[in-house]
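Take a look at the structure set out below.
The first residue in the sequence is number 1, and the count goes up from there. A quick note: this is a predicted structure, and the numbers were derived from the prediction, not measured.
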Amino acid sequence: MDRTQELAAFLRTRRERLNPHDFDLPLHRRSRRTPGLRREEVADLAGVSTDYIVRLEQARGLRPSAEATEALARALRLAPDERAYLFDLAQQRPRNAGKPATTAAPPLARLVADLSPLPAMLMNHRYDILAWNGEIARLLVDFDTLPPSQRNAMWLCLMHPELRDFYVDRERVVREGIAHLRAAWAAHPEDQALTDLISEFTTRDKDFARLWAERDIKVSGRGRKVMRHPDVGVIAVDFEVLMPLQDPDQRLVIYRAVDDESRSALDRLCAR
């Protein structure tokens, strides 16, 4: 994946998603045949030349300054996650000097175990699962039986035969995972393992390839998932993602039952 090409495509798709009626544009510009704003309209809003927007969208090798990137983000009305993604593509956001985490920090691994009976696991930015407790292994899959290369939350959702139909709203789960991975890819340009993982998913899973092309950007720190467990039935959980200050590439994921039925199902599952 080429970052210059991705910057061009991202700017173009975000421009085309804008509704001209949401902007105070001259009346003679209201008649149009293509979706979104015109390039010259974005240029006016951002305070740059139309030629500058054209060259960016045609991937002619421009690297916007921090000021120009901020102006483009405002003109395109980007959401916070989209804005961070644009700054990463423009290489204008300060990089984390630390290397990607490949093993769990021992205090965090102990914390994951101590969170029992709440299902919990520790992941890095590319969804590699670094540590887990028995409850989440019973809920999802026995991670000890998997090779390290398959201990990845997105890989399991897409490729593991027992988990492909595990989530009731699988498309939403995959879509949210892709939106996170795209943000992680832009924030970690040095991570070849992540680039290779995305390439594998794009090649092997048509749903991933379709949703990846939509260029959604979002980092979900909390949410809800509904699962069809083969032994205890439907379980609904709320999840929370916490990022330790001392280990910023590690993410603690904690599940909690949404209702009494789900809590009872989890209890039965863990009692097995």
Examine distances only and state if a side-chain atom of R14 and a backbone atom of L78 form a donor-acceptor pair shorter than 3.5 Å.
-> no
Check the surroundings of atom CG in D165: do more than 12 heavy atoms from other residues, nucleotides or ligands lie under 6.0 Å from it?
-> no
Taking NZ, NE, NH1 and NH2 as the nitrogens, is one of them in D22 or R77 under 4.0 Å from a carboxylate oxygen of the other?
-> no
Given the rule that I, L, V, M, F, W and Y join up when any side-chain heavy atoms are under 4.5 Å apart, are V258 and V232 in one cluster?
-> no
Just wondering, are more than 12 heavy atoms of other shown residues or ligands nearer than 6.0 Å to CZ in R256?
-> no
How about R170 and D207: do any of their side-chain heavy atoms sit closer than 4.5 Å?
-> yes
Is the shortest heavy-atom distance from the side chain of Y255 to the side chain of K225 under 4.5 Å?
-> yes
When you measure from the side chain of S199 to the backbone N and O of T195, does any donor-acceptor pair fall under 3.5 Å?
-> yes
Is it the case that one hydrophobic cluster holds both L45 and F10, taking links as side-chain heavy atoms less than 4.5 Å apart, direct or via other members?
-> yes
Mark yes when over 12 heavy atoms from residues, nucleotides or ligands other than Q192 sit less than 6.0 Å from its CD; otherwise mark no.
-> yes
Do the side chains of W185 and R3 get nearer than 4.5 Å, heavy atoms only?
-> yes
Heavy-atom donor-acceptor pair, E41 side chain to R38 backbone, under 3.5 Å = yes
Drop me the distance from R60's CZ to D51's CG, to the nearest 0.5 angstrom.
-> 6.5 Å
State the CG-CG distance between L252 and L122, to the nearest 0.5 angstrom.
-> 6.5 Å
Counting N and O atoms only, with roles assigned by atom type, does the side chain of N133 sit under 3.5 Å from a partner on the main chain of L118, one being a donor and the other an acceptor?
-> yes
Where does the angle between the aromatic ring planes of H125 and H188 fall among parallel (under 30°), tilted (30 to 60°) and perpendicular (over 60°)?
-> parallel
R151 and M121: side chain to side chain contact (heavy atoms under 4.5 Å, CB included), yes or no, with the steps?
-> CA-CA 11 Å; R151 292 175 192 161; M121 59 184 170; over 6 Å; no
Report the C-alpha separation of R17 and T13 in whole Å, then their side-chain angles, then the decisive distance to 0.1 Å, and conclude whether the side-chain hydrogen bond (donor to acceptor under 3.5 Å, both in side chains) test is met.
-> CA-CA 6 Å; R17 289 185 182 186; T13 57; 5.3 Å; no
Looking only at atom types and distance, does a side-chain atom of R55 sit under 3.5 Å from a main-chain N or O of L62, one as donor and one as acceptor?
-> no
Is the NZ or CZ atom of R83 both under 6.0 Å from the centre of the six-membered ring of F87 and within 45° of that ring's axis?
-> yes
Any D169 side-chain heavy atom under 4.5 Å of V226 side chain = no
Can you check whether R138's main-chain N or O pairs, donor with acceptor, with H229's side chain at less than 3.5 Å?
-> yes
Is it true that Y167 and L269 fall in one hydrophobic cluster, defined by side-chain heavy atoms closer than 4.5 Å?
-> yes
Apply side chain to side chain contact (heavy atoms under 4.5 Å, CB included) to the pair R228 and V168, showing each step before the final yes or no.
-> CA-CA 7 Å; R228 299 187 192 91; V168 172; 3.8 Å; yes
For W155, is the NZ or CZ atom of R126 found under 6.0 angstrom from the centre of its six-membered ring and inside 45 degrees of the ring axis?
-> no
Any chance you could measure N152, atom CG, to H160, atom NE2, to the nearest 0.5 Å?
-> 12.5 Å
Gap between atom CG of L130 and atom CG of L108 - 0.5 Å precision = 9.5 Å
Min side-chain heavy-atom separation D247-P107 under 4.5 Å = no
May I ask you to decide whether D267 forms a salt bridge with R263, counting only side-chain N to carboxylate O separations under 4.0 Å?
-> no
Main-chain N/O of T103 paired to Q250 side chain as donor or acceptor, under 3.5 Å = yes
Atom pair CG/CG of L11 and L86 - distance to nearest 0.5 Å = 6.0 Å
Under a single-linkage definition using a 4.5 Å side-chain heavy-atom cutoff for Ile, Leu, Val, Met, Phe, Trp and Tyr, are L211 and L194 assigned to the same hydrophobic cluster?
-> yes
Close aromatic pair by centroid cut-off 6.0 Å: H180 and Y127 = yes
Are any of the side-chain heavy atoms of W212 and D205 separated by less than 4.5 Å?
-> no
Under a single-linkage definition using a 4.5 Å side-chain heavy-atom cutoff for Ile, Leu, Val, Met, Phe, Trp and Tyr, are I254 and V237 assigned to the same hydrophobic cluster?
-> no
For the residue pair D81 and V219, what are the closest heavy atoms and their distance?
-> OD2-N, 2.9 Å
Before giving the answer on side chain to side chain contact (heavy atoms under 4.5 Å, CB included), spell out for F201 and L181 the whole-Å C-alpha distance, their side-chain angles and the decisive distance to 0.1 Å.
-> CA-CA 11 Å; F201 293 157; L181 282 183; 4.3 Å; yes
4.5 Å side-chain heavy-atom contact, L56 and P64 = yes
E214 and R182 ion-paired at < 4.0 Å | no
Lys/Arg-Asp/Glu bridge criterion (N-O < 4.0 Å) met for D259, R224 | no
Between I136 and V253, is any pair of side-chain heavy atoms under 4.5 Å apart?
-> no
Salt bridge present between E6 and R215 (N-O < 4.0 angstrom) | yes
